[in-house]
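Written out below as structure tokens is the structure these notes cover.
Note that these values count all heavy atoms, side chains included, but never hydrogens, waters or copies made by symmetry. Chain letters run A, B, ... following the sequence lines, proteins first and then strands; every chain starts at 1.
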Protein chains: 2
Amino acid sequence: MINLTKSEEDYLKALFQLLTEGGKSKIGNNQLAEYLNVSPASTNNMVKKLKAKDYIVSERYGKLELTDQGIEIAVRLIRKHRLWETFLYNYLNFSWDEVHEVAEQLEHIKSRKLVDELDRFMEYPKVDPHGEMIPDADGAYNITPKVTLSSLKEGDICKLAAVNDASVSFLRYVSQIGLALSSTIEIVEIRDFDKSICIRFDDTVETVTKKFADNVFVKIIS
Amino acid sequence: MINLTKSEEDYLKALFQLLTEGGKSKIGNNQLAEYLNVSPASTNNMVKKLKAKDYIVSERYGKLELTDQGIEIAVRLIRKHRLWETFLYNYLNFSWDEVHEVAEQLEHIKSRKLVDELDRFMEYPKVDPHGEMIPDADGAYNITPKVTLSSLKEGDICKLAAVNDASVSFLRYVSQIGLALSSTIEIVEIRDFDKSICIRFDDTVETVTKKFADNVFVKIIS
DNA sequence: TTAATTTGTTAGTCTAGGCTAACTTATTTA
DNA sequence: TAAATAAGTTAGCCTAGACTAACAAATTAA
Ligand SMILES: [Mn+2]
Ligand SMILES: [Mn+2]
Ligand SMILES: [Mn+2]
Ligand SMILES: [Mn+2]
């Protein structure tokens, strides 16, 4: 349909992220609820509405899936979100950890022209400040299945490709220890006891937790 | 208080515009309702809420007034609205008549940094694309009492200072006949029969209706 | 100065989108 | 396979912000 509410858009985007970036095979009602920080009842209710409007398909008690229409909405939202993050970061002196919250609002502004002109103004950026790809005006996007730093083995060498942008304190921490997009990282040691990982990059050696490494996405070099 | 809803903000802005730019001495519940295209009942309800939150003062059946707090919210909203209009017009290829609708959404984005950085990025513009002043970061604003083209007398000469930006078709019409900000306009004749006004500007002579002239704001030269 | 009209208020209803509590169906685990 | 647990659903309630219909107060006109 023509006009979705902010909430409807957020549910579709969340489901899309879980389905594509989450790497899970089945996404259920409660997972979506947890991701969005709402109750399962709210999610159930919204899913019902979005099924009626033909954005989601699912069977009773079954897994949730997006229709083509649903995917289109989600991808357009992600495009807007990432273009705004890029704008805030490159032109308005926002830092890494400040852009997401504001983009979360800006992504719901309804104007096709606005987002396409913003894209042109910035000369069609390919990635946002956190390393995530930006879908183009036609809705084309390439999902590079996410490889987390935590999934590597001792001795592996990789490049930092992107980071989860949803936590401000995490992003601050990343900057603070000196990690940056395209840093080359070597897995020095994985400690069996608590799964913490000792990494080396730019002559720095740091030990990070499994939780930290779960939020760092990399491209394996060797 | 800290966080107002979009609706609360819109009511405060509307009341501010009516009180300052409208030139009316008393603004009542129903006028506010009409301006916002909602029912008097809705307005009554919202005014009650805004009184409780100390943004509006009024007596039962009395006129509506803004508290200092209320004025501050309204002015900040107007600042955001006009800065966004300026950005859309100057950087994103939006035309005169396209900016208002999108700015109406953008003005509700909550981020002090966003608006102040946008201001800096554009090098502190003083007026928006329709000729209206832009309040500064401290909330300072100067209301130049609006003089409408329709209030002049035959023979008067004026400069086009600003236009009402709320009607797309009006703005298109203005551009179409060739009027632009700072055009020098002479009142050639006022026709008593229907109050239509014959004006001359840039070697053009046009007759416009009273309704048209009500939406054109000028600075009298002589 | 009374009647008509305009303006403001109240009550009750609706939709969107949250919530909790209780219940049902599926999936695990013993 | 039966019980325990997890996942999904439903019912009922809440708030924000709209609406209409009915009514009350204030203003204007006769
Ligand atoms: Mn983000
Ligand atoms: Mn959002
Ligand atoms: Mn405007
Ligand atoms: Mn608005």
For this session: Side-chain contact test, heavy atoms from C-beta onward, threshold under 4.5 Å: evaluate it for E8(B) versus K53(B) and give yes or no.
Result: yes
Exercise. Tell me: CG of L64(B) to P of dT9(C), nearest whole Å?
Worked result: 8 Å
For this session: Using a strict cut-off of less than 4.0 Å between a Lys/Arg side-chain nitrogen and an Asp/Glu carboxylate oxygen, indicate whether K13(A) and E107(A) qualify as a salt bridge.
Result: yes
Exercise. Any side-chain N or O of N44(B) under 4.0 Å from OP1/OP2 of dT9(C)?
Worked result: yes
For this session: Could you check how far NZ of K63(A) sits from P of dA26(C), rounded to whole Å?
Result: 16 Å
Exercise. Starting at CD1 of I27(A) and ending at P of dA7(D), how long is that distance when rounded to a whole Å?
Worked result: 12 Å
For this session: Mind calculating the distance between NZ (K6(B)) and P (dA16(C)) to the nearest angstrom?
Result: 17 Å
Exercise. dG8(D) phosphate, OP1 or OP2: any side-chain N/O from N30(A) under 4.0 angstrom?
Worked result: yes
For this session: Please determine, for the side chain of E8(A), which listed nucleotide (dT9(C), dG17(C), dT9(D)) has the closest atom?
Result: dG17(C)
For this session: Output yes when K146(B) and E132(B) qualify as a salt bridge under the 4.0 Å nitrogen-oxygen rule, no when they do not.
Result: yes
For this session: Provide, to the nearest angstrom, the distance between the NZ atom belonging to K48(A) and the P atom belonging to dA16(C).
Result: 14 Å
For this session: Please state whether the phosphate of dA16(D), meaning OP1 or OP2, lies under 4.0 angstrom from any side-chain nitrogen or oxygen of Y11(B).
Result: no
For this session: Using a cut-off of strictly less than 4.0 Å, decide whether S7(A) has a side-chain nitrogen or oxygen near OP1 or OP2 of dG18(C).
Result: yes
Exercise. Counting any heavy atom closer than 4.0 Å, what does T5(B) reach on the DNA or RNA strands: base, sugar-phosphate only, or nothing?
Worked result: sugar-phosphate
Exercise. Considering only heavy atoms from C-beta outward, does the side chain of K80(A) approach that of L106(A) to under 4.5 Å?
Worked result: no
Exercise. Would you say dG8(C) has OP1 or OP2 under 4.0 Å from some side-chain N or O of T43(B)?
Worked result: no
Exercise. Is any NZ, NE, NH1 or NH2 atom of the basic residue among D119(A) and R79(A) found under 4.0 Å from an Asp or Glu carboxylate oxygen of the other?
Worked result: yes
Problem set entry | side-chain N/O K49(B) vs dG17(D) OP1/OP2, d < 4.0 Å | yes
For this session: Return the value, rounded to whole Å, for the distance between atom CD of E34(A) and atom P of dG8(D).
Result: 12 Å
Exercise. So do L12(B) and I56(B) actually touch side chain to side chain, heavy atoms under 4.5 Å?
Worked result: yes
Problem set entry | Distance in angstrom units between N29(A) CG and dC23(C) P, rounded | 20 Å
For this session: Scan nucleotides 19-27 of chain D nucleotide by nucleotide, 5' to 3', and note B when protein non-hydrogen atoms come under 4.0 Å of the base, S if they reach only the sugar-phosphate, - if neither.
Result: BB----SS-
Exercise. NE2 of H100(A) to CD of E85(A): how many Å apart, nearest 0.5 Å?
Worked result: 6.5 Å
For this session: Take atom CG of L32(A) and atom P of dA6(D), then tell me their distance rounded to the nearest Å.
Result: 20 Å
